[in-house]
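Note that the structure is a prediction, hence the values are computed from the model and not measured.
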Amino acid sequence: MLKDKKLLDSIYFQNEKIKDFSKAGLQAYLDNEKNSYFNSVKMIIKIGSQTSHMPKIGIQAHI
């Protein structure tokens, strides 16, 4: 059990998106945040791969 008031306040008041502080509610919130993050990264990668004017990243050997 958490007894540190500063830590508890940071959990409860830092993010207004968290509405359910039960174990299941916090797990659902974290899963949703994780999925949103990975979906945004996938979208950035997809957009970057469709852009032909983007420079290729890598090292080319000059012979």
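When hydrophobic clusters are built by joining Ile, Leu, Val, Met, Phe, Trp and Tyr residues whose side-chain heavy atoms come closer than 4.5 Å, directly or via intermediates, Tyr29 is grouped together with Phe21.
For the pair Leu26 and Ile18, the minimum side-chain heavy-atom distance is below 4.5 Å.
Residue Tyr37 qualifies as open at atom OH: its count of foreign heavy atoms under 6.0 Å is 12 or below.
Here the straight-line distance linking atom NZ of Lys42 with atom CG of Asn35 works out to 8.0 Å at 0.5 Å rounding.
With sequence neighbours left out, the ring pair (Phe, Tyr, Trp, His ring centres under 6.0 Å) criterion links Phe38 to no other residue. Residues that satisfy the side-chain contact (heavy atoms from CB on, under 4.5 Å) test with Ser36, not counting sequence neighbours, are Asn32.
Applying the 4.5 Å side-chain rule to ILVMFWY residues, one finds that Ile44 remains a lone member of its cluster.
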